[in-house]
Amino acid sequence: MSTTPKSNLAVAAASDHLISRGALLALKLLAILAVLYTLYFSQTLLVPVCVAAFIALFSSPLVRALGVIYIPKPAAALMVIGALLGGISYLFGLLVEPATRWLKVIPTLSDKLANEMGEMSKSFTAIKESVMSGSATGDSGDSIEKAMDSTLHSAVSVLAETTALFAIQVGAVVVITYFFLVFGEELMRHVVKARSTFSAKKSTVVVFQAIQNDISRYVLVISLINVGLGLATAGAMKLLGVEDALLWGALATLLNFAPYVGPMLLAVILTGVGFMEFSSWEAVVMVPGAFLILNFIECQFITPTLLGQRFNMNPLLVVLWMFVWGWLWGAVGMLIAIPLLVCGRILATHLDLMGRWVGVLDGGYETDADEPPASGAASSNTQR
């Protein structure tokens, strides 16, 4: 009888512990939902800031190099931004005409695909009638054609509606990038001065330099790899006799910034191009096939060799991460998703935000990933 009150107290304590854990979990879920909600509805503000920050991280070494030859930082920033805008404008001028021409032939592509699919459906009519008697299949070609036209016209209308907003955001990116390049380091020095202890100041400097160096190296190497892939793709399309090979090379460069998803999208586009350019199935398949072979060589050999294990990410998490940011911020979100993931991994590593859970982000190239770390290996794992 004397143990009953103690047992009741133990049960009550265990119940309170479960309730507190459930409440903590609910608060964490609500916090995640609040962050996603904020990111989604503030994309017009945050997207230009994030894009400008990455451009500034990438181009700040050029500004410092110009400062070595006594060019003032505001003038150096204007020179770097002007060079970037000039290069982009030049490429846009080269590609706008072929891109416009291909947009005009989209209805022709839909008609040709509808005819091909209609012929395929007619070849299966006898089998379908033997299995399902009385089924109406005469209008299959018309329904396919209507579906293709509806989908393509919807995509073009959405693109037209977002053009004005895109122009405004491009202007905001240019302005914010300039101020990042001119006043970013000064702001960082004030942040370091505001820290109370020397260890905190040192940690802030180390994290900032790590982010700047790693993101700059990542963006530079990935950009060079993607440009190389674009040139190789353009050369392959030229050898295959595909019209406007430079346009497809430029698309390969741009879409490869979104791993896995971008190349798959370009393979679909090149399949449609093959339908327009050639009549035989073998030639049609060669168009996306050549790009997929080049992309396989790039992602399996070139990128791991040049970037190494430091930026190696789990492919499943990369794809899921890109889909999340694509849902939040659209195409721009998918393009900047991987730099955001790299930046988050650097912060988590240097600030020990995730502990050993940061290893979940690792990819599958390591052979000793399943081996338990030896004593003293924690610091080397952090540096990797």
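Hydrophobic clustering (side-chain heavy atoms under 4.5 Å, transitive across Ile, Leu, Val, Met, Phe, Trp, Tyr) groups Trp281 together with Val242. Connection of Leu220 to Ile302 is established within a shared hydrophobic cluster, with ILVMFWY side chains joined at heavy-atom distances below 4.5 Å, either directly or through further cluster members. Put simply, Val227 and Trp248 are part of two different groups of oily side chains (I, L, V, M, F, W, Y) that touch within less than 4.5 Å, one to the next. Criterion: ILVMFWY side-chain heavy atoms under 4.5 Å apart, direct or through other members. Under it, Val285 and Phe291 are not part of a common hydrophobic cluster. There is no path of hydrophobic side-chain contacts, each under 4.5 Å, that joins Leu27 to Ile32.
Residues passing the ring pair (Phe, Tyr, Trp, His ring centres under 6.0 Å) test with Trp321, sequence neighbours excluded: Trp325. Not counting sequence neighbours, the partners of Tyr40 by the ring pair (Phe, Tyr, Trp, His ring centres under 6.0 Å) test are Trp327.
No donor-acceptor pair under 3.5 Å is formed between the side chain of Ser60 and the backbone N or O of Leu181. When atom types are taken as modelled, the side chain of Thr177 and the backbone of Ala56 share no donor-acceptor pair closer than 3.5 angstrom. The backbone N or O of Leu39 sits less than 3.5 Å from a side-chain atom of Trp329, completing a donor-acceptor pair. Side-chain N or O atoms of Ser59 include none that pairs as donor or acceptor with a backbone N or O of Leu62 at under 3.5 Å. A donor-acceptor pair is defined here as one N or O able to donate and one able to accept, closer than 3.5 Å; no such pair exists between the side chain of Ser203 and the backbone of Ser199.
With contacts defined as side-chain heavy-atom distances shorter than 4.5 Å, the pair Val287/Glu277 does not qualify. Met286 places none of its side-chain heavy atoms less than 4.5 Å from the side chain of Phe278. Put simply, the side chain of Thr204 reaches to within 4.5 Å of the side chain of Met188, judged on heavy atoms. Contact of the Tyr218 side chain with the Phe54 side chain is not registered, since no non-hydrogen atoms from C-beta on lie closer than 4.5 Å. Residues Leu328 and Val324 meet the side-chain proximity criterion, which asks for heavy atoms closer than 4.5 Å. Using a 4.5 Å heavy-atom cutoff, the side chains of Met237 and Val273 are not in contact.
Scanning all heavy atoms of the two residues, the minimum distance from Met334 to Val261 falls at CE-CG1, 3.4 Å. Closest approach of Pro74 and Val182 over heavy atoms only: CA-CG2, 4.0 Å. Closest heavy-atom contact between Ala258 and Pro263: O-CD, 3.4 Å. Listed here is the closest heavy atom pair of Thr253 and Gly230: OG1-CA, 3.3 Å. Across every non-hydrogen atom of Val63 and Lys73, the tightest pair is CG1-CG, 3.9 Å. Minimum heavy-atom separation, Ala236 to Leu294: CB-CD1, 4.1 Å.
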CA sep, side-chain torsions, deciding dist, call: Asp244, Arg101, side chain to side chain contact (heavy atoms under 4.5 Å, CB included)
CA-CA 10 Å; Asp244 300 319; Arg101 184 168 60 250; 2.6 Å; yes
With side chain to side chain contact (heavy atoms under 4.5 Å, CB included) as the criterion, how do Val96 and Thr100 come out once you've worked through the C-alpha distance, each side chain's angles and the decisive distance to 0.1 Å?
CA-CA 6 Å; Val96 63; Thr100 304; 4.0 Å; yes
Begin from the C-alpha positions of Leu335 and Leu254 and carry the test side chain to side chain contact (heavy atoms under 4.5 Å, CB included) through to its verdict.
CA-CA 9 Å; Leu335 291 177; Leu254 179 63; 4.2 Å; yes
Determine, step by step, whether Phe180 and Ile55 satisfy the side chain to side chain contact (heavy atoms under 4.5 Å, CB included) criterion, reporting the C-alpha distance in whole Å, the side-chain angles of both residues, the deciding distance to 0.1 Å, and the verdict.
CA-CA 9 Å; Phe180 266 126; Ile55 295 176; over 6 Å; no
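To the nearest 0.5 Å, atom CD of residue Glu298 and atom CD1 of residue Ile293 are 14.0 Å apart. In this structure, OH on Tyr178 lies 8.0 Å from CD1 on Ile81, to the nearest 0.5 angstrom. Within the model, atoms CZ of Phe208 and CD of Glu185 stand 6.0 Å from one another, a figure rounded to the nearest 0.5 Å. The CG atom of Asn295 sits 9.0 Å away from atom CG of Leu266, with the distance rounded to the nearest 0.5 Å. The CE atom of Met79 sits 5.0 Å away from atom CG of Leu66, with the distance rounded to the nearest 0.5 Å. Separation of atoms CG (Leu320) and CG (Leu341) is listed at 11.0 Å; rounding is to 0.5 Å.
Put simply, the residue from Val318, Leu316, Leu265 that forms a side-chain contact (heavy atoms from CB on, under 4.5 Å) with Tyr260 is Val318.
Within a 6.0 Å radius of CD in Glu97, other residues, nucleotides and ligands contribute 12 heavy atoms or fewer.
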